[in-house]
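Keep in mind that this is a model prediction, so the values were computed, not measured. One-based numbering, in listed order, for ligands and for the atoms of each.
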Amino acid sequence: MPKPISYLDKKLGRYLGQFAAAPHQRLLQQIGMLLSAVRSQGHSCLPLSVLDEVAGAFELELIENWREQWRLLLDSEPNLVGTGSGSQPLQYRDGKLYFQRDDHAEDQISKRLIQHANGSRLYAERDLESALDRLFQGSDTGTLGQRQAALAAASNPLAMILGGPGTGKTTTVVKLLAVILEQALALKPLYNILLLAPTGKAAARLGQSIKAQRNGLDVSEAIRAAIPSSAKTLHRALEWRGGSFSRNARNPLVADLIVVDEASMIDTRLMLGLVEAVPKHCQLLLLGDAHQLASVEAGSVLSDLELAAKDPSSLLHSGYTKLTHSYRFNQDSGIGALASAINLGNTADIARIFDTFSDELTWSETLDSEALSQPYYKYLAAIEDGAAPEQIYAYYNEWRVLCAVREGEFGLSGLNALIEIALAAKFNLDIESRFYSGLPVMITQNDYLQELFNGDIGLILEVDGELRAFFEAEDGTMKSLLAARLPHVEKAFAMTVHKSQGSEFNECALVLPERARRETISRELIYTAITRAKKAFKLMGSEVTLLDGVTTSTQRFSGLASRLIRSEV
Ligand SMILES: Nc1ncnc2c1ncn2[C@@H]1O[C@H](COP(=O)(O)OP(=O)(O)OP(=O)(O)O)[C@@H](O)[C@H]1O
């Protein structure tokens, strides 16, 4: 379905066009509009090899002979269009057109990562072997892969351990931290490890998993105590001050090793902030699953990095490992089988997988408010019984309804209203009020003073006659504030798949819209939704929408992977 060019994109195109000489104005306007339009869809640049298709998708008729005109424009407008790394508003390199900021960001990210990857190897393999043998016992393929990943990550200044849910990324990292600490603390008394994630929820999960897993390690008490178990959000660690980060190349982070989880959620700007603030001597380890949805903002950083790292000639190659054996979803798991069929775009097997694993997977073509709301009964009953906030929070996290779009009956607001009404028929919920006991809310705007970040989830509970919002802090404890002091929030019985990244639930449902624009439902979105569920998954949506989504794989235009492969130190 064609998408109209927005008012803002048109305005930007016209603005750029006016600076060109008369014969080039129209083309610059058109190309500027299209660049702005693809940028707002998450692309970092516009390859001119696909300009005809992109113009068609936006129903824009390009001027005749645009290729020839473009060549003339490049020759005669050097103040408007640079050839990469310049200060002109547009940069054209390798056949791709960028806004200056995006070109600069890709340039800096690739240069800094390559410089980092080329840093000195910190530990020799032979020094690591005995610790790895002790910590990675077992000769199954999964464990051997994890041992290999730990070895690669310990010996490279820039490393990536990627893999789907339950492949043991966290398990590997806990052991890796122990191995590195054993080496590092033998050389110097203090070694700083920073654990980071893009969202508060993902940071809390990382901290909790590390805390749980470090107890079982065969290491000394001193090493166990030195393994950190609290993680921060990237924004908090980089000290975001409404417009820029206080941590940067002049004021870098204080760390010897930085581990970043859920790296698929990192957009280009955030990655630039991170790489600028990583000190030269510090090891950087990225964890994530590149098959998940790309970041909300522009860029596809993790999949670009993975694409580059897979190339044996790339400097990123030696630090990269992909874990493929899932300990959570084995061959007999419906969620595992469905997720891998979706990943491969294998539409023929989907219906059979739902039939085979009918205890774990259900699919209804119609919206069922009872099925969406009933799993919240336990959570609301716990509130009525006066249970502790931690317990209530745990029940709330057992179930979630996910949606692909924000608007309409099948979108965020429609589903939240549907579930709310169904729950109010069973429980005493004051759903006419802005806040009421039992309402889950999601923060939609960062509030630095109150340390609340976009995507954080709070539960409104009544305490001594006051409505308070309870949040899980990054260290796993609960913190609360008066509901009236909350910044912008939205209801969170249902949430978008984008916002669910970094979270997991025992069970979840994905509601697909009746008819969707192709770019809103993608293979990555469906895969991300399914892999949020640990035990059972419900799909609500038509076969047409599902199959259309599974066959649409989102590829974002970017030049980062090729810059990383070709980059010279
Ligand atoms: N080598 C192994 N042998 C046995 N069990 C393992 C192994 N590695 C991981 N597991 C178990 O598999 C489960 C998932 O591991 P882990 O949490 O490390 O995976 P993950 O990749 O970090 O998952 P997610 O991305 O969902 O957080 C855990 O219960 C863990 O104990």
Side-chain angles (χ1 to χ4, degrees), residues 131-153 159-179 195-218 227 229 231 259-266 285-293 302-303 306 320-333 335-336 338-340 343 397-398 400 402 472 474 476 497 500-508 524 527-537:
L132 290 169
D133 287 343
R134 174 165 42 89
L135 293 167
F136 289 87
Q137 289 187 358
S139 53
D140 62 298
T141 45
T143 308
L144 292 176
Q146 293 172 355
R147 186 188 186 284
Q148 177 52 37
L151 177 62
M160 281 191 273
I161 302 181
L162 307 190
T167 47
K169 298 181 291 296
T170 321
T171 307
T172 307
V173 165
V174 180
K175 295 177 181 176
L176 169 70
L177 295 182
V179 171
L195 303 176
L196 306 178
T199 66
K201 181 76 214 162
R205 262 192 63 212
L206 176 65
Q208 284 157 14
S209 314
I210 291 187
K211 199 176 200 166
Q213 297 207 24
R214 70 180 173 181
N215 291 333
L217 290 182
D218 177 11
I227 298 176
S229 64
V259 179
V260 188
D261 199 7
E262 300 289 352
S264 60
M265 296 168 79
I266 301 179
L285 168 61
L286 303 176
L287 307 174
D289 178 1
H291 292 297
Q292 286 195 27
L293 274 172
L302 191 67
S303 40
E306 182 173 31
Y320 161 75
T321 319
K322 175 108 170 204
L323 300 177
T324 51
H325 178 85
S326 177
Y327 287 90
R328 188 172 313 139
F329 304 128
N330 59 23
Q331 300 299 331
D332 308 325
S333 140
I335 294 174
L338 185 61
S340 79
N343 234 338
N397 275 328
E398 287 187 0
R400 193 71 75 255
L402 307 177
E472 194 175 34
E474 285 161 10
V497 180
S500 75
Q501 275 183 285
S503 298
E504 278 178 353
F505 316 101
N506 277 353
E507 302 187 16
C508 73
E524 292 77 12
Y527 170 82
T528 304
I530 293 167
T531 54
R532 297 311 88 209
K534 287 192 274 189
K535 295 193 176 140
F537 175 75

Undergrad: Can you sort out which atoms of ligand 1 are near Pro165, meaning under 4.0 Å from one of its heavy atoms?
TA: 25 (O), 26 (O)
Undergrad: Do Arg147 and Lys175 have side-chain heavy atoms sitting under 4.5 Å apart?
TA: no
Undergrad: Does any N or O atom in Gly168 lie less than 3.5 angstrom from one in ligand 1, N or O only?
TA: yes
Undergrad: Under a 4.5 Å cut-off applied to non-hydrogen side-chain atoms, are Asp289 and Pro165 in contact?
TA: yes
Undergrad: Does ligand 1 have any atom sitting under 4.0 Å from a heavy atom of Gly166?
TA: yes
Undergrad: Using 4.0 Å as the upper bound for N to carboxylate O, is an ion pair formed by Lys322 and Glu306?
TA: yes
Undergrad: Which is closest to atom 20 (P) of ligand 1 by heavy-atom distance: Lys169, Glu504, Arg147, Gln137?
TA: Lys169
Undergrad: Does a side chain donor of either Gln292 or Glu524 reach within less than 3.5 Å of an acceptor in the other side chain?
TA: no
Undergrad: Is it the case that the side chain of Arg532 and the backbone of Cys508 share a donor-acceptor pair, with hydrogens and angles ignored and the cut-off at 3.5 Å?
TA: no
Undergrad: Where the side chain of Gln146 meets the backbone of Thr167, is there a donor-acceptor pair that is under 3.5 Å apart?
TA: yes
Undergrad: Can you confirm whether something in the protein, heavy atoms only, sits under 4.0 Å from atom 28 (C) of ligand 1?
TA: no
Undergrad: Could you list the atoms of ligand 1 found under 4.0 angstrom from a heavy atom of Arg328?
TA: 23 (O), 24 (P), 26 (O)
Undergrad: Under 4.0 Å from a heavy atom of Arg205: which atoms of ligand 1 are those, numbered in the order shown and with their elements?
TA: 24 (P), 26 (O), 27 (O)
Undergrad: Starting from atom 8 (N) of ligand 1, which protein heavy atom do you reach first, and at what distance in Å?
TA: Gln146 NE2, 3.0 Å
Undergrad: What is the closest protein heavy atom to atom 12 (O) of ligand 1, and at what distance does it sit?
TA: Tyr327 CB, 3.1 Å
Undergrad: Could you tell me the residue and atom name of the protein heavy atom closest to atom 17 (O) of ligand 1, and the distance to it rounded to 0.1 Å?
TA: Thr170 OG1, 4.0 Å
Undergrad: Cut-off 3.5 Å, side chains only: do Thr143 and Asp140 have a donor facing an acceptor?
TA: yes
Undergrad: Judged by modelled atom types alone, do Thr171 and Gln213 share a side-chain donor-acceptor pair under 3.5 Å?
TA: yes
Undergrad: Between the candidates Thr171, Leu287, Ile210, which shows the shortest non-hydrogen contact distance to atom 30 (C) of ligand 1?
TA: Thr171
